[in-house]
Amino acid sequence: MRKQKLVINGERLRKSLEQFAVFGRTERNGVTRLALSEEDRLARDHFVSCCKELGMEVKVDDMGNIYATLAGVEDKPPIVIGSHLDSVKKGGRFDGVLGVLAGLEIVRTLVDHQVKPQVPITIVNVTNEEGARFEPSMMASGVLSGKFDKAAMMEKQDTDGITFREALDEIGYAGDERNRLTEAAAFLELHIEQGPVLESEGLTVGVVECVLGMVCYEIEVNGESDHAGTTPMAMRKDALFAANHFISKARQQLNQLDPELVYTMGRMNVWPNIHTVIPNKVVFTLEARHKDAEEIRRVEEIVQGIATMEDHEGCEVSVTKLWGRDTVWFDEEICNMLEQSAKSLDYPYKRMVSGAGHDAQFLASYIPSAMVFVRSINGKSHCEEELTTWEDCEKGVNVLLETVMTMLEKQA
């Protein structure tokens with residue numbers, strides 16, 4: 001039993017976050033640090049330097065993932081802490097990097113207190129979580145978990161035609177496949193919420209139980225183009241009016257489902273997109289997310305049902321399912337430990353879900369995993385206005401530290 005609870009050095013964490021924000025800083029105090037860019041290389045180099053100063057062993061795998069390991073008393077599968085250092089264009093200073101620096105600060109705290117962990121502690125920087133330069137997002141964790149084919153990912157190109165493989169070689173982080181993360185006692189990821197829930201409820205910490213399942217459809221509406229000034233309303237086959245009708249019906253019916261369901265019509269293209277011509281074609285997407293597979297099934301029934309209605313303003317409607325994913329539930333034992341850690345630290349918390357994707361959801365397929373959220377002010381994320389207080393960052397890392405200490409005690 002521990003004599004006293006360890007806590008991190010909050011001021012040191014703040015300085016670390018500010019230092020990493022320099023790599024790709026934008027004019028409005030955000031960050032542009034695209035995967036495998038020069039800015040990403042600088043952040044990686046600094047991360048590696050910080051880890052080596054602590055006597056950690058650093059390895060890089062074939063996807064450019066960086067693993068820094070503090071040796072344990074026993075050579076057993078490590079406790080892994082991490083996230084990603086890459087950002088979107090004009091993103092924020094906390095998304096991803098907080099999870100990596102959480103691991104760094106936890107190791108620094110153990111070293112400060114001369115704690116030799118029973119099992120190794122590994123910090124991981126996962127490559128290209130955002131997918132902002134090379135699609136898809138969560139590329140490297142997808143390869144590690146067998147979700148994506150490595151050969152195909154290596155040939156993905158950015159807007160300048162540079163392949164992932166070429167960029168990885170260019171920054172000097174093409175490592176060895178033998179260094180991949182293949183087993184671990186646990187994977188812990190701290191992340192900003194990227195939403196308004198914790199702040200609106202006056203809570204500091206979210207223990208994330210799952211990443212929501214989701215489905216995405218593309219709806220195509222085909223009508224006829226005619227002159228906007230000479231065609232009577234009753235004689236039109238206006239694809240945009242029909243699309244609007246479809247969206248109105250969908251909202252009406254989807255709003256009758258579980259209030260926790262979220263859905264979005266996020267992309268719309270209209271042809272010929274001329275103000276004097278009646279639109280003859282509209283293509284738009286409808287995406288929905290929920291933790292319950294049955295609720296997602298109801299969404300699909302609604303989409304298909306509206307598509308088969310007879311009245312579409314004289315237009316033809318077809319729907320195509322682009323993709324879907326099942327809800328990923330995190331390890332219940334680890335979630336319970338995280339919850340107990342928040343309680344023991346007297347931080348106001350709740351159990352919650354993640355509507356956004358994270359590397360932890362892929363790693364959870366072969367490693368016991370869980371996540372912690374901390375508040376995002378005004379729910380802002382993926383923008384320069386993204387902000388989480390230094391105090392909340394510190395508390396989030398303390399929850400992870402307390403959980404790591406609990407895990408180490410169980411290993412003893």
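For the numbers below, each heavy atom of this structure counts, side chains included, while hydrogens, waters and symmetry mates do not. Residue numbers start at 1 and run along the sequence shown.
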Within 6.0 Å of CD in E332, more than 12 heavy atoms from elsewhere
yes
Stepwise side chain to side chain donor-acceptor pair (under 3.5 Å) check, N255 with Y263:
CA-CA 10 Å; N255 286 343; Y263 62 89; 2.7 Å; yes
For the pair L286 and R251, evaluate side-chain contact (heavy atoms from CB on, under 4.5 Å) and give the outcome as yes or no after the intermediate values.
CA-CA 10 Å; L286 190 160; R251 290 190 65 191; over 6 Å; no
To the nearest 0.5 Å, tell me how far K237 NZ sits from H312 NE2.
14.0 Å
Correct closest heavy-atom pair for A228 and H275 would be CB-O, 4.1 Å
Should D331 and F187 count as side-chain neighbours, where that means a heavy-atom distance under 4.5 Å?
no
Exercise: identify the closest heavy-atom pair between I81 and G99:
CG2-O, 4.1 Å
Decide salt bridge (Lys or Arg N to Asp or Glu O under 4.0 Å) for R165 and D169; before the verdict, give the C-alpha distance in whole Å, the side-chain angles of both, and the deciding distance to 0.1 Å.
CA-CA 6 Å; R165 184 192 306 278; D169 288 338; over 6 Å; no
The reported gap from CD1 in I219 to CE in M265 (rounded to nearest 0.5 angstrom) is 7.0 Å
Hey, does D62 have a side-chain heavy atom less than 4.5 Å from the side chain of R180?
yes
Do F330 and H358 have their ring centres less than 6.0 Å from each other?
no
Is there a donor in the side chain of D86 and an acceptor in the side chain of H84, or the other way round, less than 3.5 Å apart?
yes
Heavy-atom count around E170 CD within 6.0 Å, excluding the residue itself: above 12?
no
On a heavy-atom basis, the closest approach of T388 and R375 is OG1-O, 2.7 Å
What verdict does the side chain to side chain donor-acceptor pair (under 3.5 Å) test give for E57 and T69, after you've listed the backbone C-alpha separation in whole Å, the side-chain angles of each residue and the deciding distance to 0.1 Å?
CA-CA 5 Å; E57 180 184 26; T69 300; 5.6 Å; no
Within this structure, what is the CD-CG distance for the pair E295 and L257, rounded to the nearest 0.5 Å?
5.0 Å
Verdict with supporting geometry, T26 and T32, side chain to side chain donor-acceptor pair (under 3.5 Å)
CA-CA 7 Å; T26 62; T32 296; 5.7 Å; no
Can I306 and Q252 be said to form a side-chain contact (heavy atoms from CB on, under 4.5 Å), step by step?
CA-CA 11 Å; I306 297 174; Q252 182 183 54; over 6 Å; no
Thinking salt bridges, do E209 and K291 make one under a 4.0 Å N-O criterion?
no
Taking atom types as modelled and ignoring hydrogens, do the side chains of S37 and E39 form a donor-acceptor contact shorter than 3.5 angstrom?
yes
Please tell me if the side chains of M63 and S141 come closer than 4.5 Å, counting only heavy atoms from C-beta onward.
no
E394/R14 salt bridge by N-O under 4.0 Å criterion:
no
Going by distance alone, is a donor N or O of one side chain under 3.5 Å from an acceptor N or O of the other, for Y173 and D45?
yes
Please check if the number of heavy atoms outside E18 that lie under 6.0 Å from its CD is greater than 12.
yes
Does NZ or CZ of R236 lie under 6.0 Å from the centre of the six-membered ring of F241, at an angle within 45° of the ring axis?
no
Under a plain distance cut-off of 3.5 Å, with no hydrogens placed, do T231 and D226 share a side-chain donor-acceptor pair?
no
What I'd like to find out is whether the side chain of L42 reaches to under 4.5 Å of the side chain of R33, using heavy atoms alone.
no
Any donor-acceptor pair under 3.5 Å from N9 side chain to T109 backbone:
no
Worked check of side-chain contact (heavy atoms from CB on, under 4.5 Å) between M407 and I334:
CA-CA 9 Å; M407 290 179 174; I334 299 178; 3.9 Å; yes
Drop me the distance from N378's CG to S200's OG, to the nearest 0.5 angstrom.
11.0 Å
Using only heavy-atom distances, determine whether the side chains of D61 and Y67 contain a donor-acceptor pair under 3.5 Å.
yes
Rounded to the nearest 0.5 Å, how far apart are CD1 of I296 and CG of D326?
9.5 Å
Say you draw a straight line from CD of E402 to OG of S344; how long is it, rounded to the nearest 0.5 Å?
4.0 Å
Main-chain N/O of V60 paired with N179 side-chain donor or acceptor, under 3.5 Å
yes
What pair of heavy atoms forms the shortest contact from P78 to T122, and how long is it?
CB-OG1, 3.5 Å
Any donor-acceptor pair under 3.5 Å linking the side-chain atoms of Q194 with those of S381?
yes
Regarding E220 and S318, is there a side-chain donor-to-acceptor distance under 3.5 Å anywhere?
no
Any salt bridge between R41 and E38, counting N to O under 4.0 Å?
yes
Are the side chains of L13 and V397 in contact, using a 4.5 Å heavy-atom criterion?
yes
